Amino acid sequence: MTDVLVIGGGIIGLSTAIALSQKGANVTIVERDLCGHAATWAAAGMLAPEAERLSGDLLDFGIRSREMYPQWIANLMRLSGQDCGYWCCGMLAPVLEESDRQVISGHPKYISREESHQRLSGLGQSILGSLWLPEDGQVNNRKLTQALLTAARSLSIKILEGTTVYQIGRDRSRVTHLDTSAGKLQSDRYVLATGAWTRSLMPLPIKPIKGQMLSVFDADRKLQKVIYAPSCYIVPRQDGTIVIGATVEDNGFAQGNTAAGIAQLLNRAISIYPAIADMPIIETWWGFRPHAPNEIPLLGASDHENLVLATGHYRNGILFAPITAKLITDFIVDGISLAFFNDV
Ligand code: FAD
Ligand code: GLY
């Protein structure tokens, strides 16, 4: 018997497994396809509670998680020996419509058009003003995934890669076992971290919201800050790659990039940062965000006493990973109930 079986090896499953293991639990992760179209692999890696305009408890949650990032990354780097591309580069969030400019011009972090151009040279002429957000930053989510996997293995967490959970066996109050492509699996506790696919295993209100992305290469590496504009963000990595995202599409698990999706992103990106027009395209891809009601994750207790929910992180699961891992671990290991959750 394993102490905890984590279903799903995206950032939420992996980081929760690591936190549980570091508190002494014996953990197994079941994951069917690590580099499929899981949101963790597809994301831009922005750590952006402010640029994403979170509000209320969700903003506090995001800021707390952003504050946890330096130590969380240090722990992962110590365990894995790998760099995660964590970069407190700051973000400029331009406004492109006069009505938006009027709304945010009273914000304490608002800067004028002129100051926006001074802080970030090469901006397009369509920018009317911006929010300057020095504490928002980024992590390279693909490097981070590799580091999480290495860290998990260093802690002897068992990762059943290529294994699909078909069904969660349960009686009235408890999960009894998992039916999987590797046979029946049993454990004391289970964590459901299946992202956008959660509904295939449990009747929970999670749906996929597709995001298309692309990347270009900036040989000059002049762009050193994230630009987060309405309907388009531009995320420069330290190696010269620039990630551009993302569409927001509510059409189930429709696969593939579309010409319209990529054209929309490129047109926006070039108008905001014109130098992109001459940069070579490296890659296009897509992924599925796990959307929950009110855009608030489903965390903690479920209808089954030994099944814990860790899903529905929608647009901010990379940001929310450290705090999610800590809260779920505190809940499972120390019985500390979650003060923040989506009561659906
Ligand atoms: P996932 O990463 O989707 O992982 C779930 C895993 O569960 C998958 O690997 C899947 O294979 C596995 N699984 C599912 N069902 C089963 C089953 N039955 N059996 C076995 N395995 C199963 N967040 C940010 O914070 N910053 C960003 O900049 C950002 N940008 C984004 C851009 C895009 C285009 C997208 C799509 C998302 C973005 N996000 C961002 C959101 C973030 O990526 C997600 O919230 C986060 O990755 C969710 O992690 P997860 O582990 O819950 O889900
Ligand atoms: N957080 C960026 C996105 O979901 O596209």
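Both ligands and their constituent atoms are indexed starting at 1 by order of listing. Values reported hereafter were calculated over all heavy atoms of this structure, with side chains retained and with hydrogens, waters and symmetry mates removed. These numbers were taken from a predicted model, which means no experiment stands behind them.
Interatomic distance, Y273 OH to L123 CG, rounded to the nearest 0.5 Å: 8.0 Å. Atom CG of L5 and atom CG of L307 lie 11.0 Å apart (nearest 0.5 Å). Separating the CD1 atom in I234 from the CD1 atom in I227 is a distance of 4.5 Å, to the nearest 0.5 Å.
The proximity of M213 to ligand 1, defined as any non-hydrogen pair under 4.0 Å, is limited to the side chain. At a 4.0 Å heavy-atom cut-off, ligand 1 touches T163 through the backbone alone. Residue Y314 does not touch ligand 2, judged by heavy-atom distances below 4.0 Å. When heavy-atom distances to ligand 1 are checked against a 4.0 Å cut-off, A193 comes that close only through its backbone atoms N, CA, C and O.
Side chains of Q102 and E98: a donor-acceptor N/O pair is present below 3.5 angstrom, by distance only. Of the N and O atoms on the side chains of T145 and T40, not one donor lies less than 3.5 Å from an acceptor on the other residue.
What sits closest to atom 49 (O) of ligand 1 on the protein, heavy atoms only, is T40 OG1, 3.5 Å. Counting protein heavy atoms only, atom 1 (P) of ligand 1 is closest to A39 N, 3.7 Å. Residue, atom and distance of the protein heavy atom nearest to atom 19 (N) of ligand 1 are V165 N, 2.9 Å. Among all protein heavy atoms, the one lying closest to atom 6 (C) of ligand 1 is E31 OE1, 3.5 Å. Given atom 46 (C) of ligand 1, the protein heavy atom at minimum distance is G317 CA, 3.7 Å. For atom 41 (C) of ligand 1, the nearest protein heavy atom (residue, atom name, distance) is Y314 O, 3.0 Å. For atom 21 (N) of ligand 1, the closest non-hydrogen atom of the protein is R32 N, 3.3 Å.
Of the polar atoms of G287, none of the N or O atoms is found under 3.5 Å from an N or O of ligand 1, judged by distance alone. The shortest N or O to N or O distance between I318 and ligand 1 is below 3.5 Å. Between I7 and ligand 1, a contact under 3.5 Å exists for no N or O pair. The N/O atoms of Q212, backbone and side chain alike, include none that comes under 3.5 Å of an N/O atom in ligand 1. Geometrically, ligand 2 and N316 share no nitrogen or oxygen pair separated by less than 3.5 Å. On a distance-only criterion, A44 and ligand 1 share at least one N/O pair closer than 3.5 Å. Considering backbone and side-chain N/O atoms, S200 never comes within less than 3.5 Å of an N/O atom of ligand 1. The distance criterion of under 3.5 Å between nitrogen or oxygen atoms is not met by L201 with respect to ligand 1. Not one N or O of G13 is nearer than 3.5 Å to an N or O of ligand 1, by distance alone. Below 3.5 Å of separation, one finds an N or O of I11 facing an N or O of ligand 1.
Note: F288 and F253 have perpendicular aromatic rings, judged against thresholds of 30 and 60 degrees for the angle between ring planes. Using a 30° and 60° split on the angle between ring planes, H291 and Y314 fall in the perpendicular class, above 60°.
Under the 4.0 angstrom criterion for non-hydrogen atoms, F320 is not in contact with ligand 1. Heavy-atom distances between T164 and ligand 1 reach below 4.0 Å in at least one pair.
Counting the atoms of ligand 1 from 1 in the order shown, those under 4.0 Å from a heavy atom of H313 are 45 (O). Heavy-atom contacts of R289 reach the following atoms of ligand 1: 35 (C), 36 (C), 37 (C) (cutoff under 4.0 Å). Here is the list of ligand 2 atoms found below 4.0 Å of a heavy atom in A246: 5 (O). Within the listing of ligand 1, atoms 24 (C), 25 (O), 26 (N), 27 (C), 28 (O) sit less than 4.0 angstrom from a heavy atom of M46. The distance from ligand 2 to the heavy atoms of E52 drops below 4.0 Å at these ligand atoms: 1 (N), 2 (C). Close approach to I12 involves these atoms of ligand 1, each under 4.0 Å from a residue heavy atom: 49 (O), 50 (P), 51 (O), 52 (O). The atoms of ligand 2 that sit less than 4.0 Å from any heavy atom of M46 are 2 (C).
The existence of a salt bridge linking K326 and E67 is excluded, since no basic side-chain nitrogen approaches an acidic carboxylate oxygen closer than 4.0 Å.
Between the D239 side chain and the T241 main chain, a donor and an acceptor come within less than 3.5 Å of each other.
Linking Ile, Leu, Val, Met, Phe, Trp and Tyr whenever their side-chain heavy atoms come within less than 4.5 Å puts L76 and I159 in one cluster.
Tested against N75 for a side-chain contact (heavy atoms from CB on, under 4.5 Å), the candidates Q71, M77, R78 yield a single pass: R78.
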